[in-house]
Each structure stands twice: as structure tokens, then as C-alpha cells.
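Beneath this line is the structure, given in C-alpha cells, with notes to follow.
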Amino acid sequence: MTAHPEHLPAVYQPAEVEQRRYEQWVAASYFSPTAFRPGGRGDAQPYCIVIPPPNVTGSLHIGHALDHTVQDALVRRRRMQGYDTLWLPGMDHAGIATQNVVERKLAEEGLSRHDLGREKFVERVWQWKGESGGAILGQMRRLGDSVDWSRERFTMDDGLSRAVLTMFKRLYDDGLIYRAERIINWCPRCLTALSDIEVEHTDDDGELVSIRYGSGDVSVVVATTRAETMLGDTAVAVHPDDDRYRHLIGREVELPLTGRRVPIVADEHVDPSFGSGAVKVTPAHDPNDFEIGQRHGLPSLTIMDERGVITAHGPFEGLDRYEARPAIVAALREEGRIVAEKRPYLHAVGHCSRCKTTVEPRLSLQWFVRVAPLARAAGDAVRDGRVRIEPTELSKRYFSWVDNMHDWCISRQLWWGHRIPVWYGPGGETVCVGPDDSPPTGQGWRQDEDVLDTWFSSALWPFSTLGWPSPTEDLARFYPTSVLVTGYDILFFWVARMMMFGLYAMDGVQPFDVVALHGMVRDQYGKKMSKSFGNVVDPLDWIDRFGADATRFTLARGANPGADVPVSEEWCAGSRNFCNKLWNATRFALLNGASMAGPLPSAAELSTVDRWILSRLTHTIAEIDEQFEAYELAKVCDTLYHFAWDEVCDWYLELVKPVLGDPDSVDADRTRRVLGHVLDQLLRLLHPIVPFVTDELWTALTGGESIVVVAWPVADESYVDDRAEAELAALQGVVTEVRRFRSDQGLKPGQRVAAALDGLAPAGLTAHESLIRSLARLDVPGAGFAATATLALSGGVGVQLDTRGSIDVAAERARLTKDLATTEREVAQCRAKLDNPAFVDKAPEQVVAKIRVRLVDAEADLTRITAALAALTT
RNA sequence: GGGCGCGUAGCUCAGCGGAAGAGCACUCGCCUUACAAGCGAGGGGUCGCUGGUUCGAACCCAGCCGUGCCCACCA
């Protein structure tokens, strides 16, 4: 009857298990599209998950580990349920991040991109991308991702380029892409335009200086935090209804330093209550001023180049913007123009999200996507329920963004990216080149120098990876994809854009049905992980020390929808301990002949203990399914943790020991079958979260090929057994009470104590006397039995113990006194409720009944404890 | 300046209208024949504050206080 314990070493070694399992999976072509796919495509339901591209740092970030843990868990479960599953993996970072990283590497060699030239630079990025990409994919595999890596692709391969060209052309032809001179966010360090969301605002210390413009009757005071821009002023604006300035509207005022005369205009935008009520207008360097300039036909004077160096004539030419500011303030002061200075002055300043350089609003010619119709569709898809955002609270954030979006600046002055497919002819012609067109040739034609924003191509992800624009089988089968799992931090960057482009390109069909958002990984104190704070976790380090399973369990255990995920090394060690517990439980089962042979006996044939655990298992399966469907990974982990540890290990295995150890037991074989079944099902339920160890244990237990391919457990209602659950609850109560007594009395756990039990029948425990004796280590009273202590337990069970000597009366009195206090409080609470006519009248019947029962029980306990205390003192 | 969220045991968090919970940490006792990466027992909380609704509030409402995040072109 002994199974095959040789398959399980005595000590759980995560690294060995994971290595062995991984090799097994690879050997079985686990990562190929068709491997382990049950059913085949014909009848299976498709399930497709979109996974975010990993970033380009070349190392596995803990955030990716979280993403992949959650995604992989969802896919593994679906696969076990018989779905035809597909991941959409890949790497798509054609943006500033990649360019920055490579530029930094070049700088280490003393080179700049300009030394290489565009062609060579792009080549260089490709080479580096291949290296870091390969590295990161290798690292991800260690997490046990069930990604179909055979479909690996990198950006800017032919397929994606084709998709980008197609999309651009379509939008262009629909009039949704246009080129215009606008104020955009400009990073003077990256030397490129940025979209609104690539700008981070922080409250920074600055200065607010008030400057007097003009003199005599035409004189106004304006305030500014960017004094240097006054060189580019082309007007002063006041509110049309402002009586202080009404007489000046239409007149001209002299600009200090330059001596230029600029008009005073009236504009509704000006807030008369702020400062002096007059505003300097610099159309080329401020978005508001640009608007005002448009409304009043003002010229735009650019006074700064792309690096933030002043280009205006005069003594300030060639100064950096930060040098120019104090220089200009000083010059104004000398002329007596400064009427007030406020320093420090806290105000919001925009920074480049990549390099933190202060962003400079800059007038320039850029490409834009007209987002209004796209954004409306993206909002409606969520509003009308076609796309569900989990958790729903986050959809408010989504709406507020999608409903108030500015046109999207998509051109970047970088070299790494998809180049804008527009050609300019010698006669001023503009041609947008589609994927099947050849670019115009001939003298004077040139392509636009700019490349597209990373998120332009990323927004195509859910369908470009399926082959779009070609009408592929994958596209037909897997679009719309089932779920997108990602952090809420890229709700705007990525999710909303996939929505806009997906709906547009796929004729109104949403890119995914569900967006499951999780939070950021935090440390154990809820702090953000940052390099400077030194609390960054390297997932590979945890994988080495605790195992990929433990790392995954730790991450999944914190993954509540939309909430941040705190992790710490201790918790990861705890997860490893949990895996170890599973290991040992399975070893126990194997050593005790747990069996998978034949059908599971029906409930009627089983002992109460077996029926109890099967009933608990059934409830657990149902609960887990519910939690998975709600993307509540943290609860899945919690439920399984407690079922496995508390119910299976701490109680079921202990309850089953006497049966399995008894050669005469009639139940033993059926129990072995149940034991095998419970572990089998438990391992299946855990497999999505901790794939390696469950596969190792499951194959050892069952001799099967791999747990990866077996069916997901289904709750069998016929095993629900309330009576067995009630009996076991009573049993647990008695055992725990006796243990408490023993502990309080200082009885060694190993010391067996003779005891007589009575009053078992009413609690339904008659049949379980031997189990109670076994768990509480109570011997059957023999000759010379003399009870030295009497325990009267709730439910009317009595235990007389022969402790072979006097008991510790003080300890016992303390214990009973405490119980008495608890019970008295209980009685008082119940009475108070029942004595309140309003409660009895208005509360639901069952609630009142419940309180009545509680009162009866509590009163019985009260009598019992009082008697015991009295007996103790005599 | 708007919007969202959170304040429950030392720490991180569940619970969201009918007896205050988990993990870790802590105390005590144990190498009890799967597991010391373990077993058994225990201590610890007027559920941020103040009012209100209700027979009943950690849970619903209002106002405060504290805290975090997102959005924002107030010079």
C-alpha cells in the first residue's frame, strides 16, 4: 500500500523543484502554442490575455513579477478549465526610455548619438534591445510564466510597422491626424516634444516678481514666475470688465528693456482678482498666452531655442533660461521696474517624466491626433458596460481623463521609433504613405524627421500582435481579448489609448472585455519602492532564496483589485513555509498510502471526518471560483492558505492518523482515497498561484503527467454536509478546551492523561470519543483512576481527568474566572437585547432566535463555570 | 484649485448593518512517529474624532482631524 515516497525527498528545496519542473515543461514543449492544450481549438472557448510589454532596463522589476504572477494565474486556471488560451507577449518600447538608456550607454563610451548618425544609432539600439530583451525574457521564465514564448516578437518588426503605418494612414485620411503649430511641452534635455501625460507637475519653489510696464498714463503692473519670458511679450491683457484698466484697453504700453510697444487687450481669461489684474502675454512660451494671442491676432515671438537658451537680441542672448531669469530681474531692478518680489513662491512646475528636467512650453510644428471622437467612444465603451474596469471605482479616473482630453501630440524629435510616414514635396506637397504605397521619389522629396510617440504603437497592441491589419485566424478568434491585467499607473498611458485605437481600428469592437487593475508593489511599511530609499526588492533574489513559488504567492497574496501590494522578505519567507507545509503534507499522504485509484466513494460510504473534509473542500472550491472571477487574488490565496493549513493539515491529517495507523480499521482504505482526493484537488486549486511545487507534488502523488493539463476542480454539491461540519466543530471545541486546560496546568504535550468523558451524545460526539482522546491525548481510565480535575465544557460535555496529583488551583481558578467574565458579558448582552421590546419587535425573526439560543447556551455555561469555581474552592 | 481613496491588534491588511478577524511580530510550553521552514496554548483593539439615522453601527449619513494618490495652463 505504500505509494512512491521515493519521488519526494524529505526536504523541500525550491530551487531544485523549480529547475526540474521547468526542464520538464520545456521538454514537453510547454511553451509552444499547442502543448498541453486540452480539447484543441475546435470546441474550446478562446481566452486571451494582454500582457504589458516589460520595460527596457534589462532586469526583472518587481512590478513585472506582480503583473506576470496575476496574469499567469488567470491563464493557468482558464487552461485547466479547458479554454484555448493565448498570451500576447512581446516588447514594445520605441520611446524616450529606450533612447535615453542607449544614449546613457553611449555617453559612458564618450559618444553622443550625433557622433553615430541616425542609421548607426538605430542599429545600436536594436543590438542592445536584443541583448536586454533576451535577458529579461529569461528572467521572466524563472517565474514560471505560461507565456507562449514561441510567439515572441519585438517591436518594429515588419508586422508591427505595417500596423503602425496602416493606423496612421487611416487616421490621417479620416482627418483625425493633423499637423499644426501649437504650444507643446518641450523637454530641453531630451530635445523632444512630450504629450500632456508625460509631464509631471510638482509644487516647486520659485519667485513671483511684479514688474511695472510702461510709464505715465499708460502703466500697468504684471506679475510673473518666469521673468525671462518678458522678452517675448507681445501684449498685456486685462479683464474687459475691470474698471481699473478699462481706459487703457486698446492703448500701447512700453515693454521695459526692449523698448517695444505692445497693445493692452481685453480678455475674459484674465482673473481680475489675481495680483494686479493685468497679465503679460507671451504667446510663444505659454499655452494660455498662446490662446490669448490667437484670439487677438497677436504675433508670437520665440525668444528661446530648443535647449532653453535665450535667442532674443540684447545682452541676454546666449544665456541659459536659468541664468537669464536673475539677469533680467536684476536689469529690471536697476531700471526701477520691480515693484514687488515674492520669494520663495510655491507653484506648480512641469517636469519631463523621464529625466525630470523642467518642461518648457514651446511653440512648434507638431503632429496631433484629434482625440474628441476617439475619446468619446473609449468612454462610452466603459459607460455602456462593454468593458468592465476592475475595481469599478477606478473607472471614475478613467472617465475624468477620457472626457477631458486635449489633442494628443504624437510627434517626437527622437531617432528611435516609427518614423512619421509623411513626405514633403519640393512644391510644398504633403503625402501620407500607407503600408502598400511606395514613397514618392524624385528631387526634393523628403520624409518627416520625427518619430511617433511610443504609446502610438503600444495602443495597437491587442490587435497588432494578433496579426492586424491582416485578417488572421488569431485575430478572428481572440479579438476582443478577454482581460488586460496591469497596474493602475498606466490606466491613462496605455489602457485608455488601447481603448481609443482598438475601437477605432476594429470597427467599434473593444480591445478587451475586462481591465483588471492592481496597485504598485510597496514595502512592508506601505512605502513606495525607490532606489534612493534602498527598499527595492529584486525578484530574482527572492526567487533564488525562497523560490519562484514563494515569490509568486507573496505577490498574489497582496493583490487586491486596485490596491497597492505591500511585500517584505519575512512575508516571502512565510510563503516559502507554506510551500514547505504543502510538501510535508503530501509526503505524509504518500507515506500513508494516499490513493488515487478508483472513483471517490459516495458520501454515504464515508466516515464523518471524511465527509467533513469533503464538505469543506466543496465550499472552498466554490469560494475560490467566485474570488477568481472577481480578480480577488489576495482572497484566493487567503482562502487556500487557511483551508490547506488549518483544515487539511492541522485537523484533517491529525484526525486521520489514528484511522490510517489502525490495521483493523474498516475505513482506512476509503480514507486513503479521500486523502488522495483532497490533496489532488487542493494542489489543483493552488496550481495557478504556485505552479512549480504543485506540479512536483501532484505528479508524485498521482503519477500523472503534469498538473498543468488536468481539469480545474468543480464543486460537487453532493458532498456538502452540514451535519458533519457541525459535529466536527463540536469536536474541535472539546479538543481545544482540553488542550487549553492542559496548557494552563503545565501538562507536557507528550504526557498522556487518563480521563473519563461523558455527555458526548447530545453534541453528537459519541462516535468520536477515540478521536477526541487521540487529539487531546487522553487515555481511557484504567484501574486506580481517580479524577483530580473536572472540566465542564460547553455543549454539556464533561471531562474528568486524573492528573496524577494535585492540580494547579490558582491556574485553574484564573482560567475559570476569565471564562466566567466572558460568559457574563455574553449573558448580559443577550439579555439586554431580548429585554428591549424594540429589538424583539423590529429585528428579523432569525436574528432574535439566534440571540435566544445564544442566551440559553451562555446561561448554561454560566451555571457550569460557577459550579466548577465553587468546587475548586472547597 | 478640483476628483478619488484610506484611517480596525506593534506592522501590513481583511471585514462594510446583527457575537471584533488574518498573516507577521510578541509571551508560555513542546524535537508529540509529514513538517522546529514545525506543533499546542496565550496576551494584545472604547474599529481616527464628534454628532446623526436605526431596535442595533467598525460598517450608512454629516462635519471635523490626519494621511495617501490622481488630475489641473491661475500669471
Side-chain angles (χ1 to χ4, degrees), chain A residues 5 8 10-12 183 196-197 201 208 222-226 229 237 269-271 273-282 286-291 347-348 350 361 393-394 396-397 400-401 404 406 488-489 491-492 519-520 522-526 528 546 550 557-558 560 562-568 570-571 573-574 576-592 634-635 638 641-642 649-650 653-654 657 661 736 739-744 746-752 777 825-826 829-830 833 836-844 846-848 850-851 854 858:
Chain A
L8 270 195
V11 179
Y12 167 53
I183 293 272
D196 289 348
I197 48 173
H201 292 270
L208 183 70
V222 295
T224 180
T225 54
R226 296 192 303 153
T229 62
H269 171 79
V270 179
D271 174 5
S273 63
F274 186 92
S276 64
V279 187
K280 63 193 273 307
V281 180
T282 324
D286 184 279
N288 282 319
D289 295 3
F290 181 75
E291 298 283 317
H347 65 128
E393 299 87 74
L394 280 172
K396 284 178 202 154
R397 264 191 205 183
S400 71
W401 191 69
N404 301 297
H406 291 86
Y488 61 67
D489 56 329
L491 184 63
F492 304 140
M520 308 293 101
R522 304 291 182 113
D523 74 6
Q524 59 191 310
Y525 305 110
K528 220 183 238 174
F546 305 110
R557 204 179 187 185
N560 285 113
D564 285 340
V565 182
V567 297
S568 84
E570 287 79 42
W571 302 349
R576 187 265 325 266
N577 295 354
F578 176 61
C579 294
N580 186 51
K581 191 73 180 172
L582 295 173
W583 183 274
N584 285 303
T586 308
R587 275 192 73 227
F588 170 86
L590 288 170
L591 291 166
N592 286 281
K635 285 179 186 160
D638 198 56
Y641 183 93
H642 286 110
C649 291
D650 287 351
L653 296 189
E654 295 303 324
K657 275 178 184 174
T736 302
R739 282 173 176 168
R740 186 155 83 99
F741 170 81
R742 293 181 56 122
S743 185
D744 288 346
L747 293 168
K748 304 288 182 212
Q751 186 183 337
R752 301 201 66 94
R777 290 171 193 277
R825 213 169 335 149
E826 171 77 356
Q829 273 175 7
C830 293
K833 286 195 174 192
N836 178 358
F839 172 75
V840 181
D841 288 350
K842 297 193 178 178
Q846 71 226 38
V847 174
V848 179
K850 213 164 123 188
I851 300 291
R854 270 172 53 195

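In what follows, chains are A, B, ... by sequence order, proteins preceding strands, each numbered from 1.
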field: Heavy-atom pair of closest approach, residues A:Q751 and A:R742
entry: O-NH2, 2.5 Å
field: Below 4.0 Å: OP1/OP2 of B:rG38 and any side-chain N or O of A:N577
entry: yes
message: Without decimals, in angstroms, what is the distance between A:L491 CG and B:rG5 P?
response: 15 Å
field: Any-strand Watson-Crick or G-U partner of B:rG7, both distances under 3.5 Å
entry: B:rC65
message: Considering every strand and a 4.0 Å limit on heavy-atom distances, what is the contact class for A:P361: base, sugar-phosphate, or nothing?
response: nothing
message: Any base atoms under 4.0 Å from A:I851, or only sugar-phosphate, or nothing? Heavy atoms, all strands.
response: nothing
statement: Considering only heavy side-chain atoms of A:Y12, the closest of B:rU12, B:rA37, B:rA34 is B:rA37
- prompt: Base, sugar-phosphate, or nothing for A:E654, non-hydrogen atoms under 4.0 angstrom?
  reply: base
task: Indicate, with a heavy-atom threshold strictly under 4.0 Å, whether A:N404 touches base, sugar-phosphate, or nothing.
output: nothing
- request: Would you indicate what A:K581 reaches in the nucleic acid, counting non-hydrogen atoms under 4.0 angstrom: base, sugar-phosphate, or nothing?
  value: base
query: How would you label the contact of A:S568 with the nucleic acid (heavy atoms, under 4.0 Å): base, sugar-phosphate, or nothing?
result: nothing
- prompt: A:A843 has a side chain; which of B:rG5, B:rG18, B:rU12 sits nearest to it?
  reply: B:rG18
field: Sequence-aligned protein contact record of nucleotides 68-75 of chain B, with B where the base is within under 4.0 Å of a protein heavy atom and S where only the sugar-phosphate is
entry: -BSS-BBB
message: Given B:rC55, B:rA37, B:rG5, identify the nucleotide with an atom nearest to the side chain of A:R576.
response: B:rA37
- request: Verify side chain to side chain contact (heavy atoms under 4.5 Å, CB included) between A:R854 and A:Q829, making sure each step is shown before the conclusion.
  value: CA-CA 10 Å; A:R854 270 172 53 195; A:Q829 273 175 7; 4.1 Å; yes
task: Under a 3.5 Å limit for both distances, which nucleotide forms a Watson-Crick or G-U wobble pair with B:rG1, could you say?
output: B:rC71
- request: Verify side chain to side chain contact (heavy atoms under 4.5 Å, CB included) between A:N584 and A:Y12, making sure each step is shown before the conclusion.
  value: CA-CA 8 Å; A:N584 285 303; A:Y12 167 53; 5.9 Å; no
- request: Would you mind classifying the nucleic acid contact of A:F290 as base, sugar-phosphate or nothing, using non-hydrogen atoms under 4.0 angstrom?
  value: nothing
- request: Under 4.0 Å between any heavy atoms, over every strand shown, what does A:P566 touch: base, sugar-phosphate, or nothing? Just pick one.
  value: sugar-phosphate
message: Does B:rC30 have OP1 or OP2 under 4.0 Å away from a side-chain N or O of A:K748?
response: yes
task: Tell me what A:R557 touches on the nucleic acid: a base, only sugar-phosphate, or nothing, going by heavy atoms under 4.0 Å.
output: sugar-phosphate
message: Using a heavy-atom cut-off of 4.0 Å across all strands, would you classify A:E291 as base, sugar-phosphate, or nothing?
response: nothing
- request: Could you tell me whether A:R739 contacts a base, only the sugar-phosphate backbone, or nothing, with contacts defined as non-hydrogen atoms closer than 4.0 Å?
  value: sugar-phosphate
query: Do A:D564 and A:Y488 meet the criterion of a side-chain donor-acceptor pair at a distance under 3.5 Å?
result: yes
- request: Tell me what A:C579 touches on the nucleic acid: a base, only sugar-phosphate, or nothing, going by heavy atoms under 4.0 Å.
  value: nothing
- prompt: Reckon A:K635 touches a base, only the sugar-phosphate, or nothing at all at heavy-atom distances under 4.0 Å?
  reply: sugar-phosphate
message: Just so I know, are the side chains of A:E291 and A:I183 near enough to count as touching, which here means a heavy-atom distance under 4.5 Å?
response: no
query: Side chain of A:A585: nearest nucleotide among B:rA34, B:rA14, B:rA19?
result: B:rA34
- request: State which of B:rG5, B:rC30, B:rA37 makes the closest approach to the side chain of A:E393.
  value: B:rG5
